[in-house]
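Here's the structure, in structure tokens; my notes come after.
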Amino acid sequence: MKLTYRGANYEYDIPTVDMVEGEVAGKYRGQNWNYRYPRHIPNPKKYGGTNHTKKRDAHAGDVAAARASAAVEYYPTVVEVAQVHQANICNILDRRKQAAQAKGDETLLRLLEIESRQMVC
């Protein structure tokens, strides 16, 4: 194939790769289309190749243990989440009060005191 780039002519030969057709992957406009693999690469099996069954049998006990531990998941209740949220807000108010004291801003300090009394911190 003859190509030109900025006035320079050169010949480019597209390397040919021997391809092998694999399983049917789907349909497009009513026609089946298959996966294509280079011949030097073995045709992969589903879910991890030829060693998949050996790996699955070796780790069957591990998978069962993982599923059992996953079934015992802990979800916090609404009350626990609300308590953590209020504690976080109180911590933020304390930091803001310290910053207001460091700046010497008495107006902001009074407002933050009122807010902390309203939040029952």
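No hydrogens, no waters, no symmetry mates; every other heavy atom, side chains included, goes into these values.
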Show the numbers, then the answer: is there a side chain to side chain contact (heavy atoms under 4.5 Å, CB included) between Glu23 and Tyr35? CA-CA 6 Å; Glu23 66 222 30; Tyr35 287 116; 4.1 Å; yes

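- Across Ala100 and Leu112, no two heavy atoms sit closer than the pair CB-CD1, 4.3 Å.
- With rounding to the nearest 0.5 angstrom, the CD atom of Glu115 is 9.5 Å from the SG atom of Cys90.
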Could you go step by step and tell me if Leu109 and Lys97 meet the side chain to side chain contact (heavy atoms under 4.5 Å, CB included) rule? CA-CA 6 Å; Leu109 192 57; Lys97 280 196 258 183; 4.2 Å; yes

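- In terms of modelled atom types and a separation under 3.5 Å, the side chain of Glu80 and the main chain of Thr77 share a donor-acceptor contact.
- Rounding to the nearest 0.5 Å places CD of Glu106 at 11.5 Å from CG of Leu111.
- Remark: the backbone N or O of Met119 is paired with a side-chain donor or acceptor of Gln86 at under 3.5 angstrom.
- In terms of heavy-atom proximity, Cys121 sits nearest to Leu93 at SG-CD1, 4.3 Å.
- Atoms CZ and CD1, on Arg96 and Ile89 in that order, are 11.0 Å from each other to the nearest 0.5 Å.
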Step by step, would you call Arg117 with Glu113 a side chain to side chain contact (heavy atoms under 4.5 Å, CB included)? CA-CA 6 Å; Arg117 275 188 251 124; Glu113 287 290 336; 3.9 Å; yes

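- To the nearest 0.5 Å, the span separating CD on Gln98 from CD on Gln101 amounts to 7.0 Å.
- Leu3 approaches Tyr12 most closely through the heavy-atom pair CD1-CB, 3.7 Å.
- The distance from atom CD of Glu11 to atom NZ of Lys2, rounded to the nearest 0.5 Å, is 6.5 Å.
- Atom OH of Tyr10 sits in a crowded spot, with more than 12 heavy atoms from other residues, nucleotides or ligands closer than 6.0 Å.
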